[in-house]
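All figures in this text were calculated on a predicted structure; none of them were measured in a lab. Keep in mind that the numbers below use all heavy atoms, side chains included, and drop hydrogens, waters and symmetry copies.
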There are 2 protein chains.
Amino acid sequence: MQNRTDTTRTIGEHGIPEPTLRRLPAYCQVLRRLAGRGLKQVSCTRIGRELGFDPTQVRKDLALAGAVGRPKVGYCTEELYRTLENFLGWNNVEEAVLVGVGHLGTALLGYTPFDRYGVRIVAAFDSDPEKLGPHAHGVQVFPQTRLPELLRRMKLRIGILTVPAEAAQSVCDLMTANGVIAIWNFAPIALSVPANVIVQNEDLFATLGVLSSKLAAALRTGS
Amino acid sequence: MQNRTDTTRTIGEHGIPEPTLRRLPAYCQVLRRLAGRGLKQVSCTRIGRELGFDPTQVRKDLALAGAVGRPKVGYCTEELYRTLENFLGWNNVEEAVLVGVGHLGTALLGYTPFDRYGVRIVAAFDSDPEKLGPHAHGVQVFPQTRLPELLRRMKLRIGILTVPAEAAQSVCDLMTANGVIAIWNFAPIALSVPANVIVQNEDLFATLGVLSSKLAAALRTGS
DNA sequence: AGTTTCTCGATAGATTTTTCTCGATAATGG
DNA sequence: CCATTATCGAGAAAAATCTATCGAGAAACT
């Protein structure tokens with residue numbers, strides 16, 4: 001419902017609602033924190049209190065991810081964490097490619113702890129010769145012409161798309177033609193992809209929009 | 001519904017649904033692009049096609065933001081863009097402070113075009129003395145002890161919170177006690193704030209979670 | 001001038017998502 | 001050993017969100 005593709009059926013559709021999937025990473029982070037504090041058992045109430053979510057909602061989300069708890073006790077913290085991590089596929093890190101070393105791409109390259117979230121960026125590409133060479137964080141930036149070759153050779157399956165919207169579709173096509181089956185798209189545009197490719201759109205400014213519109217409204221009304 | 005606070009009523013609640021607010025930034029970006037291509041008039045159908053959204057949904061969103069169109073013609077691209085920009089408060093840039101110059105904070109500091117989105121980071125803070133000094137992108141990193149003083153002096157109203165979850169509430173308290181009324185919170189934890197403060201939580205890994213869980217599911221099922 | 005086509009705006013319907021309620025279960029404290 | 005309390009799990013109710021339909025207006029074409 002979020003991504004329009006040119007296909008009738010979408011891949012990767014385990015019947016789990018998207019809002020639930022979006023919350024799972026937050027649960028993981030909370031669990032890691034609580035486990036670090038030595039908490040052996042944890043309840044939905046507790047998790048909900050940490051994040052400001054309804055306990056029932058937490059319970060349902062966890063159930064959908066395959067977690068089972070015990071009445072009165074809750075869940076074993078460690079076990080629950082591993083269940084979620086496994087469900088998200090974050091237990092074995094996938095190598096990924098990033099295309100578009102602009103402001104956003106650079107920021108992402110600089111964000112090293114991605115491998116805690118199932119992804120490691122192993123190569124970057126840009127069409128601007130100025131950007132080429134080794135990046136600050138040990139990732140090499142290659143010319144975009146070499147994208148197909150290296151995608152094939154390294155057998156990368158995840159692509160991170162941080163190019164301008166105008167270039168997004170063509171880069172996307174290059175990716176899917178060379179083995180990429182999951183695309184994290186930061187460009188504000190709908191991508192057309194083959195039926196077996198998963199696209200997830202990200203808009204970094206979505207929440208900033210919410211914040212600033214509320215602030216603007218508050219400033220208009222109040223002081 | 002997203003942020004639990006210790007108050008009964010939340011500030012900044014113009015009755016507009018949150019999903020709509022989250023989409024407005026994307027519309028802005030599309031409009032900027034289309035305007036750049038010289039498109040004078042634009043329809044909901046067109047915008048929807050660009051982003052993969054339902055035209056009716058686009059129309060409803062735009063109407064809520066106060067835009068009015070004309071049958072058969074659509075909207076004047078420039079005017080619509082200004083309407084949205086104004087609604088989001090992105091026409092006059094607010095100065096903001098960032099606390100927590102870790103991986104994420106550094107990445108955000110490096111992302112300069114924030115001022116196109118209504119925000120300019122003018123000062124950063126960290127509790128680690130190692131991090132102090134001028135940052136690569138011209139923003140000074142101050143010791144956290146000076147946060148209250150500088151917040152007051154510079155009259156900053158937006159705070160960006162990129163500290164670990166453990167420290168989030170105390171930094172948040174410092175912010176709100178010194179004039180901050182809007183907080184963009186990247187820590188996976190619910191913040192308690194006074195009634196007149198707006199909190200917006202951001203989870204960067206939410207969509208990555210969706211992507212990787214779908215990928216993991218597809219890999220389990222398919223090849 | 002009339003017909004066609006495209007689009008907005010509003011309303012109604014369908015779907016999804018969240019929240020509530022209840023019974024069952026297991027630990028704790030008297 | 002029984003009462004109490006906290007919790008899960010499941011199903012129902014409520015709320016929010018998305019999608020479809022329809023009429024009216026306005027441009028373009030015949």
Side-chain angles (χ1 to χ4, degrees), chain A residues 1-4 8 10 13-24 26-27 31 34 39-77 79-80 83-84 190 201 206 210, chain B residues 1-4 8 10 13-24 26-27 30-31 34 39-77 79-80 83-84 190 201 206 209-210:
Chain A
M1 137 199 63
Q2 181 80 307
N3 323 323
R4 182 106 315 137
T8 45
T10 316
E13 276 302 342
H14 40 37
I16 296 176
E18 187 133 333
T20 293
L21 295 178
R22 295 180 58 93
R23 284 188 292 265
L24 295 182
Y27 298 144
L31 288 172
L34 295 181
L39 214 68
K40 294 293 178 204
Q41 310 281 340
V42 67
S43 71
C44 293
T45 316
R46 181 63 195 276
I47 297 174
R49 183 151 42 87
E50 291 286 324
L51 289 168
F53 297 163
D54 185 277
T56 309
Q57 184 173 65
V58 176
R59 191 168 304 126
K60 235 166 199 175
D61 287 344
L62 299 182
L64 285 167
V68 284
R70 284 194 306 160
K72 175 72 183 178
V73 177
Y75 306 81
C76 166
T77 313
E79 187 191 324
L80 179 56
T83 302
L84 293 183
N201 298 315
V210 180
Chain B
M1 130 201 64
Q2 181 80 307
N3 323 321
R4 183 104 313 137
T8 44
T10 315
E13 274 304 340
H14 40 35
I16 296 176
E18 186 134 335
T20 292
L21 295 178
R22 295 180 57 92
R23 283 187 293 264
L24 295 183
Y27 298 143
V30 167
L31 288 172
L34 294 181
L39 214 69
K40 295 292 177 205
Q41 311 281 340
V42 66
S43 71
C44 292
T45 315
R46 181 64 196 275
I47 298 174
R49 183 152 42 89
E50 290 287 323
L51 289 167
F53 297 163
D54 185 279
T56 309
Q57 183 173 64
V58 177
R59 192 169 303 127
K60 229 168 203 177
D61 288 343
L62 298 182
L64 285 167
V68 285
R70 285 194 305 162
K72 175 74 181 176
V73 176
Y75 306 82
C76 166
T77 313
E79 187 191 325
L80 179 56
T83 302
L84 293 183
N201 298 316
V210 180

Check: What's the closest nucleotide to the A:P71 side chain, out of D:dT21, C:dC20, D:dC8?
Finding: D:dC8
Note to self: Just to be sure I understand the rule, does A:T56 reach a base, reach only the sugar-phosphate, or reach nothing, if contact means heavy atoms closer than 4.0 Å?
What the structure shows: base
Checklist line | Presence of donor-acceptor pair under 3.5 Å, side chain of A:K60 and base of C:dT19 | finding: yes
Notebook entry, point to check: Using a cut-off of less than 4.0 Å, is there contact between a side-chain N or O of A:Y75 and OP1 or OP2 of D:dA6?
Noted result: no
Check: Within this structure, what is the CG-to-P distance between B:D61 and D:dT19, rounded to whole angstrom?
Finding: 11 Å
Next item on the list: Describe the nucleic acid contact of A:R23 in one word from base, sugar-phosphate, nothing, applying a heavy-atom distance below 4.0 Å.
Entry: sugar-phosphate
Notebook entry, point to check: Taking the nucleotide of DNA chain D with the closest heavy atom to each, which residue, A:K72 or A:G69, is nearer the 5' end?
Noted result: A:K72
Note to self: Could you tell me how far apart A:E18 (CD) and D:dT17 (P) are, to the nearest whole angstrom?
What the structure shows: 15 Å
Next item on the list: For B:T77 and B:L39, indicate whether the former's side chain and the latter's backbone hold a donor-acceptor pair under 3.5 Å.
Entry: yes
Margin query: Let's see if you can work this out: which of C:dC8, D:dA20, C:dC20 has an atom nearest to the side-chain heavy atoms of B:D54?
Written below: D:dA20
Check: Rounded to the Å, how far apart are A:Q57 CD and D:dG9 C1'?
Finding: 16 Å
Check: Are B:R59 and C:dG9 close enough that a side-chain N or O sits under 4.0 Å from OP1 or OP2?
Finding: no
Check: A:R70 side chain N/O closer than 4.0 Å to the phosphate oxygens (OP1, OP2) of D:dA6?
Finding: no
Check: Out of D:dA27, C:dT18, C:dC8, which nucleotide sits closest to the side chain of A:P19?
Finding: C:dT18
Item checked: Nearest-Å distance for atom pair CZ/P, residues A:R22 and C:dT17 -> 12 Å
Checklist line | side-chain N/O A:T45 vs D:dT7 OP1/OP2, d < 4.0 Å | finding: yes
Item checked: A:E18/A:R22 ion pair, N-O < 4.0 Å -> no
Item checked: From SG (B:C44) to NZ (B:K60), nearest 0.5 Å -> 12.0 Å
